[in-house]
Amino acid sequence: MIKKIAILTSGGDAPGMNSAIFGVYTACVQHKIKLYGVIGGYDGLIDNKFTEITFDTLNGRINSGGSIIKSSRSPRFLKDTYIKKAIKNIKDNKIDALVVIGGDGSIRGAMELRDAGISVITLPGTIDNDLHFSHTIGYDTATNNIVKAVDNICDSLSSFDYGCVVKIMGRSCPDLLLSSAQALHTDLLVTSKDFDLNSLVKKIKATHDKNHLPTVVLVLEDVVDCTELANILQEKCKFQFRPHILGYIQRGGSPTAFDRKYGYSAGIMAVDCILTKETGFAIGMQGECLVKKPFAETVK
Ligand code: F6P
């Protein structure tokens with residue numbers, strides 16, 4: 001019989017994580033299961049930071065971005081001694097199953113726990129969309145955040161003759177940049193280190209000469225330095241270019257209706273799977289449906 005479930009969020013926070021916690025909480029209340037939040041992701045698991053999640057924990061916060069139980073990137077969780085410590089804490093606290101919300105690093109952590117006999121389910125919470133689901137929780141909100149921010153930049157640029165090089169999150173995964181670019185109707189993109197500078201300059205000149213769209217170049221983080229690229233483009237295109245780093249504006253903020261519904265229903269399904277003893281799976285969206293996939297099939 002399942003009496004206690006624990007939940008943690010790991011890696012970069014993603015809007016909709018709180019809705020997922022709410023989904024898990026709602027199903028736990030329905031089945032008279034106690035829900036514990038692990039404060040600070042895998043680090044909290046190592047340091048035994050469990051706290052019961054109640055209505056008060058969630059009250060007024062389910063529609064906010066970030067994670068109400070905090071997150072971490074845990075280099076310690078790559079080491080056997082700390083993984084063993086975390087497993088001991090799960091057992092000592094008599095936790096029957098664990099729900100992990102996060103990206104690919106979080107799934108790798110979940111695999112370690114599963115291999116040690118812990119019942120674990122993961123939900124894909126990351127703005128990067130770098131997992132084998134059609135969407136991850138937070139991706140839709142982050143795309144909308146970027147589109148709104150670049151629209152604002154364009155408003156201002158349209159009054160001047162400036163161009164802008166905007167750095168977009170996503171690590172090495174271009175999904176966030178590409179979906180934003182589609183919505184912004186631009187093909188001024190840099191998604192790899194060996195991009196074709198001459199062709200970019202040609203496209204910029206054509207856009208700038210037509211003058212119906214402001215010149216905004218979207219650059220995937222870690223690919224090129226925005227300031228350097230802005231300087232090069234300024235020299236080659238003969239008008240001013242400014243670098244712009246959007247940063248955490250992309251990751252924060254109130255989740256879209258899509259991410260709220262996604263997080264909530266995935267949370268409910270996680271508890272259903274735990275009750276039917278179908279653990280060791282990642283639950284996420286494929287097309288219009290929530291599906292279960294083995295962990296290894298979700299990591300790109
Ligand atoms: O994984 C989400 C993400 O926002 C990436 O797009 C980005 O590279 C990274 O997190 C930034 O992480 P941090 O906030 O820890 O620097």
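Whatever order the structure lists ligands and atoms in, that order sets their numbers, starting from 1.
Taking the six-membered ring for Trp and thresholds of 30 and 60 degrees, Phe258 and Tyr262 have ring planes more than 60 degrees apart, a perpendicular arrangement. Ring orientation note: the planes of Tyr264 and Phe22 are tilted relative to one another, at an angle of 30° to 60°.
Within the structure, the side chain to side chain donor-acceptor pair (under 3.5 Å) test picks out the following pairs touching residues 26-46 (sequence neighbours left out): Asp43-Ser74, Asp43-Arg76.
Not counting sequence neighbours, Asn144 has no partner by the side chain to side chain donor-acceptor pair (under 3.5 Å) test. Remark: Asp140 pairs with Thr256 by the side chain to side chain donor-acceptor pair (under 3.5 Å) rule, at least two apart or across chains.
Within 4.0 Å of ligand 1, contacts by protein heavy atoms are made from Arg73, Ile127, Asp128, Met169, Gly170, Arg171, Glu221, Tyr248, Arg251.
Glu278 has a carboxylate O that lies under 4.0 Å from a charged side-chain N of Lys292, or vice versa, which qualifies the two as a salt bridge.
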